[in-house]
Amino acid sequence: MKDFIKQKLRESMNKNSLGIDVTRDNQELIVMRGLPGSGKSTKAKSLMGKGVIHSTDDLIEASGDYKEFFAKMIATQVEKQPDAFAPLSRMHSKNLINAKESMNAGISPVIIDNTNIKQNESKAYVVAALEFGFADDNIKFVDIGAAGLDAETLAARNKHGVPIEKIKSMIDSHTSQGPLTLKSVLVSEDMF
């Protein structure tokens, strides 16, 4: 009986939070979290090594004018069009697909460089990593927050022109959410 219990304990130690066998114990997912202008992308670059960074903002920039992208989205939102956020959702979906491809290819670390202010914003990436067989300990959250900067400074520093009102709202949301942990992300409501 003792041998049976020891075997079951050994087996469970090789599973991640989803109960999936850890088959990629050398692969790492890093989820960046921080406000626009906080230095989040600079920090992500310092962690990259031989890995890759996936950023929804980079996808938006590659598709054309970043500010125009959001201006169009806001205009359709004001007009109360039901699909106002569809372009942004498509970009987030594409970023997730790209990150999954990197995970599947064995790249490490895979870094998600989005703001990830709310607990559920990184959930799809975390679940994907666990489904690929990543170990719980190899999913890391790097929280830059506001980097000790006030909203005015963040508004002036961010390269995408995020308005100060939005940054103030994001600061409040970041503060109210508390720290990201594997457990808090997994129990959060699905975004998609």
Atom [atom1] of [X] and atom [atom2] of [Y]: how far apart are they, to the nearest 0.5 Å?
X	Y	atom1	atom2	result
Ile112	Thr115	CD1	OG1	12.5 Å
Arg24	Leu29	CZ	CG	12.5 Å
Ile171	Asp150	CD1	CG	7.5 Å
Leu180	Lys123	CG	NZ	13.0 Å
Glu28	Asp137	CD	CG	10.5 Å
Leu35	Lys166	CG	NZ	10.5 Å

So do the side chains of [X] and [Y] get within less than 4.5 Å of each other, counting heavy atoms only?
X	Y	value
Phe132	Gln27	no
His174	Arg33	yes
Lys118	Met170	no
Leu149	Ser38	no
Ser63	Met91	yes
Tyr125	Val110	no

Do [X] and [Y] share a hydrophobic cluster (ILVMFWY, side-chain heavy atoms under 4.5 Å, transitive)?
X	Y	result
Leu18	Val185	yes
Ile167	Ile144	no
Val142	Ile53	yes
Val52	Ile111	no

Heavy-atom pair of closest approach, residues [X] and [Y]:
X	Y	result
Glu131	Ile20	CA-CD1, 3.6 Å
His92	Thr56	ND1-OG1, 3.1 Å
His54	Asn114	O-OD1, 4.4 Å
Leu47	Pro109	O-CG, 3.6 Å
Leu182	Phe141	N-CE1, 3.5 Å
Gly51	Ile107	CA-CG2, 3.8 Å

Donor-acceptor under 3.5 Å ([X] side chain, [Y] main chain):
X	Y	value
Asn14	Val22	no
Ser93	Ser89	yes
Asp136	Ser17	yes
Asp25	Ala135	no
Gln119	Gln177	yes

Does the pair Leu186 and Leu130 meet the rule for a side-chain contact (heavy atoms from CB on, under 4.5 Å), with working shown? CA-CA 10 Å; Leu186 288 176; Leu130 292 169; 3.9 Å; yes

Let me see the working for Asp113 and Lys45 under side-chain contact (heavy atoms from CB on, under 4.5 Å), right down to the final yes or no. CA-CA 9 Å; Asp113 183 19; Lys45 288 175 188 167; over 6 Å; no

Have Asn116 and Ser122 got a donor and an acceptor in their side chains that come within less than 3.5 Å? no

Going by distance alone, is a donor N or O of one side chain under 3.5 Å from an acceptor N or O of the other, for Asn104 and Lys100? no

side-chain contact (heavy atoms from CB on, under 4.5 Å) evaluation trace for Asn98 with Leu59: CA-CA 10 Å; Asn98 293 345; Leu59 291 176; 3.9 Å; yes

